[in-house]
Amino acid sequence: MTRWGMAIDTDRCTGCGACAVACHAENNIQTVGEVEAARGRAMHWMRIERYYEGVFPDVKVRFQPVLCQQCGHAPCEPVCPVYATYRTPEGLNAMVYARCIGTRYCANNCPYTTRYFNWFAPEFDAPLERQLNPSVSVRPAGVMEKCTFCVQRIQDAQEVAAQEEREVRDGEIKTACSQSCPAQAITFGDLDDPESLVALLARTERTTHLLEDLSTEPSVIYLRGGR
Amino acid sequence: MSGPAASIHEEALVRPLSGFRPKLFFGSLVTGLLVAVLFYSWGYQIVNDIGVAGINRPVFWGFYIVNFVFWIGISHAGTLISAILRVTQAEWRRPVTRCAEAITTFALMIGGLFPLIHLGRPWIFWYMIPLPNERGIWPNFRSPLMWDVLAITTYLMGSILYLLLPMIPDFAIIRDKRLREYPKGLKTLFFRVAALGWRGTPQQWFSLEAGIKAMAVVIIPVAVSVHTIVSWDFAMAIQPMWHSTIFGPYFVVGAIYSGVAVLMVAMYLLRKGLGIHEYLSDKVFNNLGLMFLAFAMLWSYFTFAEHLTVWYGNEHAERAVFDGRITGEFSGFFWTMIIVNTVIPLLILPWPKGRKPLGTAIVGLGVLVGMWIERYLIVVGTLSTPRLEYTQGFYTPSWVEIGILVGSVGLFGFLYFAFLQLAPIVSLWEVREGEHLTHRAFAAEQALRAGREGASHG
Amino acid sequence: MADGRLHAVFARAADARAALQRLGQDGVAPENVEVRSSVPLEHDVVPVGATIKSRIPWTSLAGATVGGTAFFLMVKLTSEAYPLPTGGQPIVGLPPAGVITFEGVAIGAVLTTVATVLFECGLPGWLKKPGPLDHHIALDHILVSVKCDEGASTAWTAHAVETARG
Amino acid sequence: MRRRDFVKATSVAAGATLLEGCGSPEEQFIVQRVRQTPELPGESGWRFSVCRQCAAGCGIVVRVVDGDAKKIEGNQAHPVNKGGVCALGHSLLQELYNPDRILQAQRSSGNRGSGAFEAVAWDDAIAQVVSAIGAVPADRIAIVASDRSGLTGALWRRFAAALGAPAPAFLEAPELEVERRAAQLALGTTDLPYFDIANADCVLSIGAPILDPGRSQVHFTRAFADMRRARPTRRGRFIQAEARMSLTAANADVWLPVRPGTEGVLARAIAGHILASGSVPADAARRYRVLFPGDAPSTADAATQCDVPEERIVAVAEELRTAERGLVIGGGSAAAHSNGLANVAAALGLNVLLGNLGRVGGVFAPASLGLTRTVEPSNPADSPIAELAARLRGESGEPVELLIVADADPVHALPAGWGIREAIGRVQTVIVLSSFRDDTALQANLILPLATELERFEAYESPTSAGVAALGLAEAVVEPMGDGQHPADILLAVARALPESVASRFTWASYEALVRARVGEDLARMPGSAGATASAYLSAAIDRGGIFGDAAAMSAPSGPTGAAPELPGALSEGGPEYAFGLLPFASVKNGDGRGANRPWLQEHPDPLSTVMWGSWVELSPADAAELGIHDGDRVRVESQTGSVETHAVIDPAVRPGVVSMPLGHGYADNGRYAQGRGANVMALVGAGRVDGTTASAWAATRVRITRVGEGTMVRFGRRYEGGEPELIPVGWAPQQTSQLVQIRGARV
Amino acid sequence: MALVMVGCSDELPPPPPQPIAFSHSVHIENEIECTRCHEGVETQAQAGLPAMAACASCHRRQAADHPEVVKFMEQYANGNGEPMVWRKVHVIPTSAMVHFKHSPHVRAGVDCATCHGDVGSMTVAQQVVDVANMGWCLDCHREQDASIDCMTCHH
């Protein structure tokens with residue numbers, strides 16, 4: 001079996017945010033504009049959370065990239081009344097836009113607040129729409145969306161592997177965020193493949209999860225800093 | 001010529017059913033305008049997308065769900081209360097049941113509207129209905145929202161039938177009256193149809209009463225389940241101060257509390273507006289006032305227990321929500337709620353003088369506001385303080401949401417005014433039955449006394 | 001009377017009871033006697049020989065059973081007929097099925113109860129014609145009407161009723 | 001069913017009307033293209049290109065589907081970015097497809113500066129440039145260009161020389177001039193040296209904003225991450241001495257928030273401490289004394305001057321001294337005070353003491369392919385941009401009658417104290433090569449649009465940031481959207497139309513021809529060219545995205561060449577009523593303004609303030625409380641030079657007495673996403689220069705701040721409310737815990 | 001609402017008007033393989049159309065006087081590089097947010113005719129199967145034991 005997972009090295013991450021823009025470019029995420037952003041409706045499937053620690057001059061900044069944790073026990077899944085979100089056999093927390101009726105219950109129930117809602121239909125001022133990724137749907141108004149672990153890239157890689165009659169190789173699939181990360185802080189791969197880099201990282205003693213105590217069993221692993 | 005129990009007071013009950021009544025007309029007009037506001041706002045939202053509402057991230061639910069919970073809570077006014085009273089055979093229930101059950105039915109209809117209003121894509125709401133389809137997909141029965149759909153459908157169906165069933169004999173009474181007075185009137189035809197050809201034979205009465213009794217027994221657990229399930233919408237989510245085992249009973253108590261409150265207000269208005277003091281007497285207010293007091297205490301107890309555990313547990317995320325209520329952003333709301341829901345009722349209701357109609361109505365109005373605030377605190381208070389503090393948000397309702405809230409109140413009033421013109425607001429036959437029972441009891445007592453006297457003399 | 005019925009109006013239940021007993025003594029078949037009132041009467045104000053009974057708690061229970069079973073099956077079986085991939089999680093667990101079964105029980109009970117009431121009452125019965133004295137019922141009188149087949153018996157029955165009223 | 005049908009259905013309340021919506025599925029079309037393309041319809045093609053969004057010149061790969069560019073990723077082989085891309089690089093696509101991009105040449109119609117333009121044919125526009133050049137004496141022409149170190153820059157130098165005009169001025173980050181000068185003094189390199197951060201054990205950065213945009217963010221981010229985590233046994237430490245909590249400081253293991261302008265004192269005191277410890281070889285000490293003959297200030301003195309506890313200075317000095325591979329870098333705001341040259345020289349000089357010149361994890365001499373050699377005229381001296389400003393103001397030199405600005409926005413980027421904005425209006429003819437109506441283009445008589453790097457042949461040699469020579473080389477990736485061309489191609493077209501004396505010096509048919517010719521001429525010097533023909537070598541280079549040198553060629557810098565200026569105290573503009581030192585900075589949001597008209601970047605939260613869609617000024621909680629300012633309020637920021645209004649961000653990591661504002665906001669036009677959004681911090685910066693150089697001392701302005709009223713600031717993250725504990729959801733380094741950590745925030 | 005569900009899948013749309021009366025049957029009769037023109041079908045999501053240049057290379061000689069070919073060559077030669085715009089015959093509405101890929105279907109041995117009908121015998125390409133009907137897709141996926149995971153197609 002395959003279980004897609006991601007390891008994020010917080011000691012490498014510098015919080016530059018390249019991943020967030022890469023995600024916008026790859027996944028046709030709409031930019032909502034100043035007015036809507038002021039109402040808290042900006043969408044960043046991948047966001048860099050910034051926390052301050054301490055008092056000046058001993059103040060420290062911590063960056064925490066947060067995306068959908070693709071939980072093994074996702075609180076968002078059971079609450080959807082129409083099965084628009086569910087767990088796929090490959091361990092992805094799927095979001096089916098066409099099925100979504102917009103109860104927004106899943107977003108309420110996400111402890112990581114990583115689900116984003118299309119309050120209005122996206123607008124792309126011409127010719128910006130020429131950039132849109134043809135492999136990803138443009139979501140209409142009233143639909144929930146979130147990080148998909150770049151499922152279109154996973155599928156494309158699996159398709160290429162199938163055409164070449166082989167298995168998908170570790171490192172062959174890179175999500176948009178992990179590809180662009182200047183610090184190479186993001187590693188994507190199959191957690192069920194003991195040989196994969198992400199599984200290797202998952203076994204290190206630096207491994208930790210976000211809000212571990214909720215036992216959501218995230219597929220995103222954070223490697224904490226320090227020596 | 002008048003029957004033994006068809007007292008002169010019945011005229012006040014039957015009067016609104018015919019002719020032009022300025023008060024009712026004016027009331028319908030005003031509330032009708034508010035209904036227009038409701039549908040304009042909703043239509044505007046459908047055409048321009050859900051984004052015109054003030055909800056945002058992370059406060060994905062706002063006024064609509066607050067209103068939903070509020071109205072579903074209100075709906076516990078009638079069916080549950082009247083069922084409890086019927087099952088316990090409280091005699092003073094007779095003038096109360098009808099107007100309470102009507103509240104239930106209308107509040108449920110409005111409450112049931114809100115999940116639809118709050119959908120992002122309401123035009124495909126039927127994805128929630130288990131219709132066999134070629135897509136191979138099915139509603140997710142794990143979702144508390146699906147439980148809601150089922151529970152509210154059940155409760156609404158039950159409530160409508162529970163309201164209509166006892167109305168059949170009353171429609172028949174009015175039909176019989178009107179057939180003589182205005183045999184050709186349109187309204188007469190309405191009552192003929194509504195009475196379903198009720199004749200009032202002993203078998204019919206027997207079946208009807210048996211049916212009502214059975215439904216009263218069924219409807220009580222349904223009502224409890226409805227608000228429990230509404231509470232589970234929240235309690236099943238792992239959000240701070242939602243994920244609480246106490247939520248089921250807490251919501252049920254809150255629902256009945258707000259239900260009694262709205263009943264007090266409605267009864268006060270009916271008594272004043274229709275002049276039916278003989279039916280909605282001080283005694284009724286006093287008795288319901290006692291029930292009101294009981295629920296005020298129960299609700300306050302639950303509220304205290306809910307907050308005490310959070311405070312004592314001191315879990316960070318929960319504590320953030322708690323602090324927001326007690327001292328933070330929402331403290332104004334919270335303390336207003338405590339004043340109108342706990343302080344004022346507990347100051348006024350224990351005293352017999354406080355349980356006069358005006359007193360209970362004032363308390364009721366306050367509790368209505370307070371219970372709305374309670375739901376606001378639960379929905380918005382928690383959502384705006386998520387576990388990852390970075391994503392903390394805020395919420396300001398838009399005119400659309402306010403329009404829909406005001407409009408929903410208007411719709412309730414409008415339906416109620418319409419109801420007043422279509423059915424007697426106090427169950428005629430039940431009151432008559434009560435008087436018969438009194439007479440019978442009196443006669444039996446007389447006979448007994450007579451017998452004893454005879455015996456002692458003999 | 002034109003429709004072959006004779007109506008009598010009573011103000012007190014005791015009078016109506018007496019009239020009914022008289023009718024019974026006179027051998028009028030219970031199905032030819034109809035008692036109507038705007039409130040439920042005591043159980044003895046019925047045509048002599050008529051039996052009054054309801055199947056209600058039992059039909060309600062049956063309805064509840066059927067409703068509960070139906071909903072349980074809908075959840076368990078039908079959702080297995082739509083096997084959506086859920087990554088190994090149950091499509092519907094037992095506790096949610098319980099909640100839904102409960103609602104099914106309630107909905108079945110309510111619907112069958114109402115259906116039973118309507119059936120036992122013979123409702124809707126819009127076709128039955130109103131009688132000339134129906135408005136008395138609205139005034140909380142008790143109406144006893146007797147179906148009369150022949151002229152002779154009509155006169156005889158009228159007499160009987162008169163006597164009772166007297 | 002669509003929404004409209006639903007509305008209809010609910011209004012009519014009849015099911016029958018619903019059917020209408022289903023009968024006709026929306027029409028869709030298939031386009032049959034005219035000619036064969038390398039990819040099949042709908043197939044993704046990945047093409048190499050070079051990112052020119054900042055001076056770093058990363059190698060990129062562009063996904064092209066049906067002729068449209070869809071996504072930018074990094075070229076793994078390119079030594080600058082090694083596969084990474086920054087936020088600005090991704091948003092290049094939104095420059096390519098920007099709705100407000102200028103696609104045709106524009107001529108000012110109506111008053112200049114009014115923003116009214118009309119389209120002109122491309123050839124007419126070139127003819128107009130030619131006639132404008134012919135109409136003025138050559139010494140009254142001024143040229144502002146970008147790409148100082150590259151081939152395009154060399155072409156501009158040649159162009160100016162051929163015309164007989166003064167040498168072109170190059171617009172770049174002003175502190176670079178200071179850093180180059182300091183590197184020359186302290187390390188003996190002609191250009192910026194290369195710092196091998198990835199292999200260092202302890203890096204002290206004196207203000208160098210290596211993780212912030214503008215330098216080579218992607219390269220240094222990777223180096224920084226590798227320093228920490230690429231080696232199994234050692235994790236490098238990073239110490240940032242900077243007045244502002246920049247993105248670099250935020251990631252540092254230690255942050256020394258020194259008083260602005262005292263960075264050099266810190267560096268000198270550390271040097272003194274290391275020298276006093278006796279562990280420095282005599283030779284290194286002697287070489288250091290060439291740079292700084294005088295005695296270093298004591299750590300106690302430095303502690304007072306820098307406002308940093310002495311023990312922390314000593315700890316840093318000790319850590320640096322004992323580290324196996326210590327490294328010191330300098331620049332950024334430290335270079336932008338009046339004493340900036342001394343600051344940076346003091347920082348770089350420390351490397352001499354640490355003995356890391358030419359060592360792994362140390363300092364290396366810059367590397368270059370040297371392609372510009374024969375393009376440049378014999379005298380490569382540039383006009384300092386400050387000198388050009390003086391000419392424009394009419395204060396020195398020949399007055400300017402024709403100003404040519406190529407791919408630069410000096411009106412926006414230069415300090416208001418230099419008066420360019422006013423002076424440019426007095427220039428008779430202004431010709432701007434730009435794709436957007438930025439602040440300079442708005443003043444133009446003629447705008448010649450540029451092709452983005454995706455639409456043109458591109459060759460760009462990265463400055464020294466990668467340590468090895470790296471020439472990105474790529475053909476056009478997509479069809480051009482409009483008439484725009486590479487600035488070098490425009491230059492060549494103009495030159496060819498000029499009289500023979502000029503035209504004869506520009507014989508290349510195009511920029512591409514020039515690059516191919518130059519590589520061919522120097523083939524023997526090119527890395528890995530043994531045995532290859534020029535055309536085969538070039539096509540192989542294009543197939544991998546460029547010509548990349550190898551690390552073996554890295555060489556050590558020679559060491560100090562002369563005495564650095566002794567450390568004067570930093571001067572700043574503004575009297576005591578201006579209570580705050582102003583530190584402008586480049587945020588990853590808009591960079592230097594290049595990203596301002598891209599929705600992705602406008603909506604991208606700044607990493608620290610999390611502000612979106614606008615500018616802001618960062619204040620410390622203590623200062624804000626004193627001024628009665630709340631987070632998000634509108635405030636007026638005034639200096640002696642100018643005044644702007646913006647929003648206040650209260651930030652617990654700001655040094656009291658210092659405020660900072662991002663660059664790249666406050667455009668008059670520049671497209672719908674940028675227009676009128678935020679305020680330009682350069683409007684506040686005065687005319688001061690860094691002593692010993694011509695660079696602007698942009699960190700030397702003092703400002704005062706007053707509250708204007710409540711405002712709505714657009715923020716992604718939670719605002720800082722002061723005094724509250726922040727819950728960090730997972731454990732980080734210093735706590736060595738995976739438990740939830742509750743930390744008290746700063747008290748206001 | 002049940003009406004809606006029944007109502008949609010009733011009739012297939014008529015073949016849309018096309019710029020050129022292209023006949024599949026004539027090309028098949030001349031033994032031109034499907035994949036010669038629809039090159040992407042084995043490796044790509046889209047089967048794709050050949051470039052106009054590819055059509056022209058044959059039709060310079062073949063049937064050069066056929067009125068429709070003349071029309072095509074006119075557009076090719078004098079169209080200023082304007083592409084030919086055809087109407088899609090098999091449309092999955094964008095609101096379904098489906099990403100159909102040809103290559104996995106061809107690899108699984110699904111015959112072209114399964115979805116497209118016997119195009120080889122059609123003079124005008126016409127829809128014979130309602131490809132926008134998800135149930136139809138699913139039936140086949142279930143039969144073939146292919147993925148019925150929603151996200152396989154909807155993402």
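Scope of the values below: all heavy atoms of this structure, side chains included, with no hydrogens, waters or symmetry mates. Just so you know, these numbers come straight off a predicted model, no measurement behind them. So you know, we letter chains A, B, ... as the sequences are listed, proteins then strands, and number each from 1.
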Q) Residues two or more places apart in sequence or in another chain: which of them pass side-chain contact (heavy atoms from CB on, under 4.5 Å) with Ala18(A)? A)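 Scan of Ala18(A) (side-chain contact (heavy atoms from CB on, under 4.5 Å), adjacent residues dropped) gives Cys16(A), Ser180(A), Pro182(A).
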Q: Report the residues that fulfil side-chain contact (heavy atoms from CB on, under 4.5 Å) with Ile48(A), sequence neighbours left out, ordered by chain and then residue number.
A: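 Scan of Ile48(A) (side-chain contact (heavy atoms from CB on, under 4.5 Å), adjacent residues dropped) gives Cys19(A), Phe63(A), Pro65(A).
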Q) Mind checking whether Phe251(B) and Phe247(B) have ring centres under 6.0 Å apart? A)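 Yes.
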Sort [X] into side chain, backbone, both or neither according to what part of it lies under 4.5 angstrom from a heavy atom of chain B.
| X | answer |
| --- | --- |
| Met144(A) | side chain |
| Ala42(A) | backbone |
| Cys76(A) | neither |
| Leu214(A) | side chain |

Which bit of [X] comes within less than 4.5 Å of chain A, counting heavy atoms only: side chain, backbone, both or neither?
| X | answer |
| --- | --- |
| Phe394(B) | side chain |
| Ile65(B) | neither |
| Ile238(B) | both |
| Val52(B) | both |

Q: Please step through side-chain contact (heavy atoms from CB on, under 4.5 Å) for the pair Phe114(B) and Val66(B), ending with a clear verdict.
A: CA-CA 9 Å; Phe114(B) 274 100; Val66(B) 175; over 6 Å; no
Q: Mark yes or no for whether Asn28(A), through its side chain, and Val136(A), through its backbone, hold a donor-acceptor pair below 3.5 Å.
A: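 Side chain of Asn28(A) to backbone of Val136(A), a donor-acceptor pair under 3.5 Å: yes, one is there.
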(Q) Checking the side chain of Thr207(A) only, and the main-chain atoms of Ile221(A) only, is there a donor and an acceptor separated by less than 3.5 Å? (A)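 Side chain of Thr207(A) to backbone of Ile221(A): no pair is present.
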Q) Looking at Asn133(A), Thr148(A), Thr175(A), which one forms a side chain to side chain donor-acceptor pair (under 3.5 Å) with Glu26(A)? A)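 Option passing the side chain to side chain donor-acceptor pair (under 3.5 Å) with Glu26(A): Asn133(A).
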Q | Residues forming a side-chain hydrogen bond (donor to acceptor under 3.5 Å, both in side chains) with Glu159(A), sequence neighbours excluded | A |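 Scan of Glu159(A) (side-chain hydrogen bond (donor to acceptor under 3.5 Å, both in side chains), adjacent residues dropped) gives Gln163(A), Ser103(E), Arg107(E).
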Q.
Looking at chain A, which one of Pro139(B), Gly393(B), Pro240(B) has the largest number of heavy-atom pairs inside 4.5 Å, strictly under?
A.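 Most pairs with chain A among the choices: Pro139(B).
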Q. Any salt bridge between Asp9(A) and Arg224(A), counting N to O under 4.0 Å?
A.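 No, no charged N to carboxylate O under 4.0 Å.
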For chain A and chain B, give me every donor-acceptor pair shorter than 3.5 Å, distances to one decimal.
residue: Arg39(A); atom: O; partner: Asn56(B); partner atom: ND2; Å: 3.1
residue: Arg39(A); atom: NH2; partner: Ala53(B); partner atom: O; Å: 3.0
residue: Gly40(A); atom: O; partner: Arg57(B); partner atom: N; Å: 3.2
residue: Arg41(A); atom: NE; partner: Ile55(B); partner atom: O; Å: 3.1
residue: Arg41(A); atom: NH1; partner: Gly51(B); partner atom: O; Å: 2.7
residue: Arg41(A); atom: NH2; partner: Gly51(B); partner atom: O; Å: 3.1
residue: Arg41(A); atom: NH2; partner: Ala53(B); partner atom: O; Å: 2.5
residue: Arg41(A); atom: NH2; partner: Ile55(B); partner atom: O; Å: 2.5
residue: Ile48(A); atom: O; partner: Tyr390(B); partner atom: OH; Å: 3.3
residue: Pro78(A); atom: O; partner: Asn140(B); partner atom: ND2; Å: 3.2
residue: Pro78(A); atom: O; partner: Ser143(B); partner atom: N; Å: 3.2
residue: Val79(A); atom: O; partner: Ser143(B); partner atom: OG; Å: 2.4
residue: Cys80(A); atom: O; partner: Asn140(B); partner atom: ND2; Å: 2.9
residue: Pro81(A); atom: O; partner: Asn140(B); partner atom: N; Å: 2.8
residue: Tyr97(A); atom: O; partner: Arg121(B); partner atom: NH2; Å: 3.1
residue: Ala98(A); atom: O; partner: Arg121(B); partner atom: NH2; Å: 3.0
residue: Arg99(A); atom: NH2; partner: Tyr127(B); partner atom: O; Å: 3.4
residue: Cys100(A); atom: O; partner: Arg121(B); partner atom: NE; Å: 2.9
residue: Cys100(A); atom: O; partner: Arg121(B); partner atom: NH2; Å: 2.9
residue: Ile101(A); atom: O; partner: Gly120(B); partner atom: N; Å: 3.2
residue: Ile101(A); atom: O; partner: Arg121(B); partner atom: N; Å: 2.9
residue: Gly102(A); atom: O; partner: Gly120(B); partner atom: N; Å: 2.9
residue: Thr103(A); atom: O; partner: Trp61(B); partner atom: NE1; Å: 2.8
residue: Thr103(A); atom: O; partner: His118(B); partner atom: NE2; Å: 2.9
residue: Arg104(A); atom: NE; partner: Phe60(B); partner atom: O; Å: 2.7
residue: Arg104(A); atom: NH1; partner: His118(B); partner atom: O; Å: 2.9
residue: Arg104(A); atom: NH2; partner: Phe60(B); partner atom: O; Å: 3.4
residue: Arg104(A); atom: NH2; partner: His118(B); partner atom: O; Å: 3.1
residue: Tyr105(A); atom: OH; partner: Asp233(B); partner atom: O; Å: 2.3
residue: Asn108(A); atom: O; partner: Gln239(B); partner atom: NE2; Å: 2.1
residue: Asn109(A); atom: OD1; partner: Ile238(B); partner atom: N; Å: 2.9
residue: Thr113(A); atom: O; partner: Arg57(B); partner atom: NH1; Å: 3.4
residue: Thr113(A); atom: OG1; partner: Thr391(B); partner atom: OG1; Å: 3.3
residue: Trp119(A); atom: O; partner: Gly51(B); partner atom: N; Å: 2.9
residue: Ala121(A); atom: N; partner: Asp49(B); partner atom: OD2; Å: 3.4

Q.
One pair to check against side chain to side chain donor-acceptor pair (under 3.5 Å): Gln152(A) and Asn27(A). What are the steps and the verdict?
A. CA-CA 9 Å; Gln152(A) 67 280 2; Asn27(A) 289 304; 3.1 Å; yes
(Q) For the interface with chain B, which of Gly142(A), Gly102(A), Pro111(A), Pro81(A) has the highest count of heavy-atom pairs at distances below 4.5 Å? (A)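 The answer is Pro81(A).
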**Q.** Closest heavy-atom pair and its distance - Leu191(A), Ser219(A)
**A.**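 Nearest heavy atoms, Leu191(A) then Ser219(A): CD1-O, 4.0 Å.
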